[in-house]
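In the text below, chain A, chain B and the rest are named by the order of the sequence lines, each starting its count at 1.
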Amino acid sequence: MPNVLRAVTKSKPLKPLKTSFFNRDPRAVSRELLGKVLVRREGRKRLTARIVEVEAYLGEGDPAAHSAAGRTARNAVMFGPPGIAYVYFIYGNHYCLNVSCLPDGEAGAVLFRAAEPMEGIEEMARRRGMELQSTRDLRNLTSGPGRLAEAFGITRERDNGKDLTDSRSDLWLGEDGSAPPRILTTKRIGITKAAEMPLRYVMADNAFVSGPRVRLAGRMRG
DNA sequence: TACATGATGCCCT
DNA sequence: GGGCATCATGTAG
């Protein structure tokens, strides 16, 4: 095992989140998702990572949300029942993973932006086409929505519409009883509409949050 | 470290 | 045909 992996957090037993967890305002779901664990089962291998950064997308009233202009084939999951994976393809290169929120018929979602790798790190590195040589490489595995999706092998074709509360599935969300983290909020990243709304939620003092450290510190104020 | 830019494909107008 | 919830790479400092 490479030295880099020695300091990685060990996983505890995981309990799947319930559908009711997601049947709420995306802002409430966002706060509580920080510290929870994303699980990918790949045959006998398991990939896990602790969620450290998310963004809330509020539905039809939120100009930055895909659901802003109403229901289409692409965004249908956002309008469906809560706890379902909404995966979309962006910039010709990247997939992004979201989970639907609010009751069936109401649009809303949380975007997963970054996570702290726990189990299956060498598999994640393989999928990302990286060699793990430093803790910096470890950080680059899953710090950013496109990176996170690539490390977990998430695609629209494979995962869009999956129930993330079903631990028998190969993609789900669990909790391991860790203490609730301290949370900071900032503006959302990479959008132009409704850009001022503080709907990005990050775990304070966590090295696996996306983006440059300095810029991040700047955004924390206000 | 920081900024600018090209790659790339799908959805929606 | 425009725009996009991104990333990797290059260059300057």
Short side-chain N/O contact to C/dA5 OP1/OP2 from A/H66, under 4.0 Å: yes
Side-chain N or O of A/R156 versus OP1/OP2 of B/dG9: is the shortest distance under 4.0 Å? no
Mapping A/I90 and A/E150 onto DNA chain C by nearest heavy atom, which one lands closer to the 5' end? A/I90
Round to a whole Å and report the spacing from CG of A/N93 to C1' of B/dT5. 13 Å
Would you tell me if any nitrogen or oxygen in the side chain of A/T192 comes within less than 4.0 Å of OP1 or OP2 on C/dG3? no
A/R128 vs C/dA8: side-chain N/O to OP1/OP2 distance below 4.0 Å: yes
Taking a hydrophobic cluster as the set of Ile, Leu, Val, Met, Phe, Trp and Tyr residues connected by side-chain heavy atoms closer than 4.5 Å, whether directly or through intermediates, do A/Y88 and A/L199 fall within one such cluster? no
Face-to-face contact A/Y91 to B/dG9 six-ring, under 5.5 Å, under 30°: no
I'd like to know if A/E32 pairs up with A/R24 as an ion pair, taking the criterion as any Lys NZ or Arg NE/NH1/NH2 lying under 4.0 Å from an Asp or Glu carboxylate oxygen. yes
Which of these nucleotides, C/dA5, C/dC4, B/dC10, is closest to any side-chain atom of A/Y88? C/dA5
What I want to find out is whether A/K193 reaches A/D62 closely enough, with some N-O distance under 4.0 Å, to be called a salt bridge. no
Residue A/R147, side-chain atoms from C-beta onward, closest of C/dC7, C/dC4, B/dA7: C/dC7
Please pick, from B/dC10, B/dT13, C/dC7, the nucleotide with the shortest atom-to-atom distance to any side-chain atom of A/A69. B/dT13
Counting only side-chain heavy atoms from C-beta out, which of B/dC12, B/dC10, C/dT6 sits nearest to A/F89? B/dC10
Any strand: nucleotide that pairs with B/dC12 via Watson-Crick or wobble, under 3.5 Å: C/dG1
